[in-house]
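Quick note: numbers below take in every heavy atom, side chains included, and nothing from hydrogens, waters or symmetry partners.
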Amino acid sequence: MGIVVLWVIDLPNIIVVALPDSSGLGCRLLDGSIPAVLTQPGDFIIGGVFTIHTSPKTTEHTFMHAPEPLQCRGSGLDFRELRFARAMTFAIEEINNSTELLPGIRLGYQIHDSCASVSVATRATFQLINGLDPIFSLSASCSKSSTTLRPPSLVLGLSVSRSLISSSLPVLQVSHYATCACLSDKQQYPTFLRTIPSDKFQAAALVQLVKHFGWTWIGAVRSDSDYGNSGMAAFLAAANAEGICVEYSEAFYRTNPRSRVRRVAEVIRSATARVVVAFAAAGDMRVLFEELLELGFPPLQWVGSEAWVTDPLVTPFDMCLGAVGFGIRRAIIPGLRTFLMDLSLAQASASPILQEFWESAFRCRLASGPVGPGAQVCNGSESLQQLQNAYTDTSQLRITNMVYKAVYAVAHGLHSLVCAEQNGSTLHCDRGMKPNPLQVQHVLEHIRKVNFTLNGNRVSFDANGDPVATYELVNWHNTRKALSTDEYADMLHVCVCKSLQVPKSVCSESCPPGTRKAVQRGKPVCCYDCVPCWKPCYFCSADSLDCVRCPSDAWPNPQGDACIPKPIEFLSFSEYLGIILAASSVVGACLAIAIAAVFYLHKDTPIVRANNSELSFLLLFSLTLCFLCSLTFIGRPSQWSCMLRHTVFGVTFVLCISCVLGKTIVVLMAFRATLPGSNVMKWFGPPQQRLSVLAFTLIQVLICVLWLTLSPPFPNKNMKYYKDKVILECDVGSAVGFWAVLGYIGLLSLMCFVLAFLARKLPDNFNEAKFITFSMLIFCAVWITFIPAYVSSPGKFTVAVEIFAIISSSCGLVMCIFAPKCFIILFEPEKNTKNWKPGWQKSLRQLCICPESCGGQE
Ligand SMILES: *[C@@H]1O[C@H](CO)[C@@H](O)[C@H](O)[C@H]1NC(C)=O
Ligand SMILES: *[C@@H]1O[C@H](CO)[C@@H](O)[C@H](O)[C@H]1NC(C)=O
Ligand SMILES: *[C@@H]1O[C@H](CO)[C@@H](O)[C@H](O)[C@H]1NC(C)=O
Ligand SMILES: *[C@@H]1O[C@H](CO)[C@@H](O)[C@H](O)[C@H]1NC(C)=O
Ligand SMILES: *[C@@H]1O[C@H](CO)[C@@H](O)[C@H](O)[C@H]1NC(C)=O
């Protein structure tokens, strides 16, 4: 953790806690001070705090005298953090060399080591704010110093901390490492900026990653710190929204008792989730991995936050299935490697921290220090070029680049504050400028508004002081089969999981199609049983919570995972029934035409003449149409065929019946005429016959026109009657219209029947009345039986029945009225004479239909 602080160098020191110095020369800081590890004087000084040592030196408190100040020296060095610190000095040197950025200004630095201790970091921060001298003098007495305090001087800070420090101080911090989303809250942290993206983005990105691979059952571990807790909270909230279930969520910290870390490791091992999301610092992950290594590394897929997923502390661990996560974008910083390598023994000897680094890296002792037994003396032949450690590894500059950017951001902010163009061209920087310490906000604004390009990357801050979030997807996959150390060999031994496939991590396997999920009681939504859908009217696609009903014209397929349209039923020309009916109707029409031809050829014979040939031909014509109109009932119902069906049927049948009616009336009138010779036929001669046929037909035409205009029939998909098929039928549109058409036909046929019945006994060889009676009987019988069939159930058979009724009633007419006559004409021509039977002449006279044949004949 750390703070980079910049302040104007000769501001008076600010005392936080001070006591009069025993020498009487001035005041002394109560607790002494910690020397900076790397310093350089300058006009403006940027401070930095890095965790160069991994932990503070533990001291035993005797409570007999004032405790020693915390010391960092003594624990292991984190070479990576040293690289960060050196990168900061590199950036400052670059800026110092630059002629464009802060020309003529010399930047200095004070870099402190916090050794992972919040208290050391806090002290370092105060020290940077206050000044450097442990003993200083004030005109007033030290006891009154608090009243003479000036507000903290202009401090530009860079908190590198994952846990927070000095957030409430008016310290301008530009963090390269603090990712907590909470720091974007400018109410609480008004002077905080950072170059590393907020965890808010990372948590969302991790959730997308987990979702992408279909891992709905995961474990979660986190550092028990601000970083881990807030990051994991953001992750869990987003994961919950995406339907990802968490089997366990464990927190630990590297300083926790070992038993606790072991418990976490055991939870991880015994859980069923194969994917573990870890929002943790690298140091914590290392502790956990060591524990897991001891217990046996389970075959897990790790999903890591940026803090550890690219950290060299954990990369040596074979993470079995590997680790994926988002790393900070890798960058190239030209000249940095040369700068880092350009460290001589002499330079190293000059700084305690570099000296320590040198000794630790080369495992030798510098001559200046006491030479321990066994350790060789460093003699200058050591070469950094041949050294391979986190300090020299510049292949993955991620956080280093954040440090670099932060220093440049501070420099650019300072530049806009102190440099101004004079006389329109020359740039002048005021090296002596002492910004008003009260104007922390003012300086902060200068830094927040920077917008510059650094090695091709744009650096800027949003209103919350956050940079534009960019990450790199990191996928660690162990390909090193032969690991050198025993540790790794052990690990390979316990871990047999070298699969290149994406691992699976689900609580319940996805449900097969045709089933639905039923969440198990008391378990997260990702744990469920698969319950079959009710068949046959429901289907369920895989992984849905509910079985879905197919639309009414569709039907689940045999697998039950999709709806397929139900078969559509209608009487078509391509099926046997349709073909037979169509053929019968054509045959019937041909028969009617053939009879017409026979009648025409024998139009002068008595039998034809006696039977009112004009009406007969009209009747045959209408019967032809009746046969043909049944064709409109076959085939896929369409708008037109539906409209044609019943109307053509109605009109042709009325034409037909009215012809028959005409014939019947003629017969009846001829015989009912009381006075022989009185010319009844004058009142019902051919013109009247034609007119009546026309009138009867027109009434039906009128009904049909009304029906078609008001509520015409239309094709309709009937799904009500059958579950497994759709009936494509013609909806009559208006039932009144339909029954009016049928009723009118019925009325006419009934009239016809009654009249024919009355006329049936009249004597005549050629009297048609009994044939008409008979045909009407057939006609009515057919249509009366048709009604229940029609009303009961729709479907193609109803249509077939209707066609059958049309054809059979037409046939009945043809057969009863024309067949006997044809038979006589063709096969018994001897009967087809005027003299065939005694008495027929009278009858013929009275039956006289053709006026020209009346009278004079006898
Ligand atoms: C700064 O300039 C000096 C000499 O002018 C050079 O030796 C040094 O390498 C430069 N530093 C950087 C970081 O560019
Ligand atoms: C950079 O700093 C060095 C001292 O470290 C100084 O000698 C040099 O002049 C500075 N360079 C520029 C360009 O200011
Ligand atoms: C320096 O010490 C190394 C061993 O640490 C030794 O191999 C090397 O020869 C020495 N070089 C000189 C010049 O003494
Ligand atoms: C700017 O111009 C004024 C007069 O126009 C001159 O006196 C002054 O020296 C100039 N300053 C610089 C920095 O060139
Ligand atoms: C920074 O400047 C670039 C162009 O110079 C602009 O596109 C970008 O929006 C600016 N960014 C911010 C945060 O102002």
Side-chain angles (χ1 to χ4, degrees), residues 2-9 36 38-50 84-112 128 153-160 171-177 191-196 331 333-336 339 397 399-421 426-435 439-461 465-468:
I3 296 264
V4 172
V5 180
L6 168 130
W7 77 103
V8 183
I9 197 149
L38 293 168
T39 62
Q40 182 176 304
D43 303 324
F44 297 94
I45 293 201
I46 299 180
V49 182
F50 296 92
F84 297 164
R86 290 274 289 159
M88 179 175 162
T89 65
F90 167 74
I92 289 173
E93 197 175 299
E94 249 186 10
I95 294 162
N96 175 25
N97 278 1
S98 160
T99 51
E100 272 141 41
L101 189 58
L102 292 169
I105 302 260
R106 206 169 149 216
L107 289 181
Y109 52 80
Q110 291 278 341
I111 293 173
H112 283 262
L128 286 165
S153 56
L154 171 66
V155 177
L156 303 178
L158 177 123
S159 165
V160 214
V171 179
L172 301 193
Q173 306 178 54
V174 184
S175 174
H176 70 266
Y177 218 0
T191 57
F192 183 87
L193 304 170
R194 58 180 150 196
T195 51
I196 193 162
I333 304 175
L336 178 66
F339 178 85
L397 297 177
I399 307 300
T400 316
N401 191 41
M402 297 294 117
V403 178
Y404 187 69
K405 277 180 173 181
V407 175
Y408 265 90
V410 170
H412 276 270
L414 191 63
H415 181 90
S416 80
L417 184 70
V418 301
C419 299
E421 282 191 354
T426 49
L427 194 63
H428 178 78
C429 293
D430 182 4
R431 60 192 300 179
M433 185 173 185
K434 296 184 179 63
Q439 292 176 334
V440 169
Q441 277 299 331
H442 177 65
V443 182
L444 173 83
E445 275 310 295
H446 276 277
I447 298 180
R448 206 189 60 72
K449 284 195 183 126
V450 298
N451 186 0
F452 58 96
T453 307
L454 195 59
N455 295 335
N457 293 320
R458 192 140 277 278
V459 181
S460 62
F461 301 99
D466 290 326
V468 176

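Scanning for side chain to side chain contact (heavy atoms under 4.5 Å, CB included) contacts around Ala409 gives Val450, Phe452, Phe461, with sequence neighbours left out. With sequence neighbours excluded, the residues that form a side chain to side chain contact (heavy atoms under 4.5 Å, CB included) with Ala85 are Leu38, Phe50, Ile52, Ile111.
Using a 4.5 Å heavy-atom cutoff, the side chains of Ile333 and Phe90 are in contact. Side-chain contact between Leu414 and Ile46 is absent, with no heavy atoms from C-beta onward closer than 4.5 Å.
Taking CG of Leu444 as the reference point, atom CD of Gln173 lies at 10.5 Å (rounded to 0.5 Å). Rounded to the nearest 0.5 angstrom, Glu93 CD and Ser98 OG are separated by 12.5 Å. To the nearest 0.5 Å, atom OG of residue Ser460 and atom CZ of residue Arg448 are 9.5 Å apart. In this structure, Asn401 CG and Leu336 CG are separated by 9.5 Å, a value rounded to the nearest 0.5 Å. Rounding to the nearest 0.5 Å gives a distance of 9.0 Å between CG of Leu102 and CG of Leu427. For the atom pair OG1 (Thr400) and CE (Met88), the distance works out to 13.5 Å, reported to the nearest 0.5 Å.
Residue-environment remark: CD (Glu100) stays at or below the threshold of 12 foreign heavy atoms within 6.0 Å.
Across all their heavy atoms, Ile95 and Ala411 have their closest contact at CD1-CB, 3.5 Å. Between Ser416 and His446, the shortest heavy-atom contact is OG-ND1, 2.6 Å. Shown here for Leu107 and Gln40, the closest heavy-atom pair between the two residues is O-NE2, 3.8 Å. The two atoms that bring Ile92 and Gly108 nearest to each other are CD1-O, 4.0 Å, heavy atoms only. Across all non-hydrogen atoms, the minimal contact from Lys405 to Leu454 is CA-CD2, 3.8 Å. Closest non-hydrogen pair, Phe192 versus Ser175, comes out as CZ-CB, 3.5 Å.
Residue pairs meeting the side chain to side chain donor-acceptor pair (under 3.5 Å) criterion with at least one partner in residues 406-415, sequence neighbours excluded, are Glu94-Tyr408.
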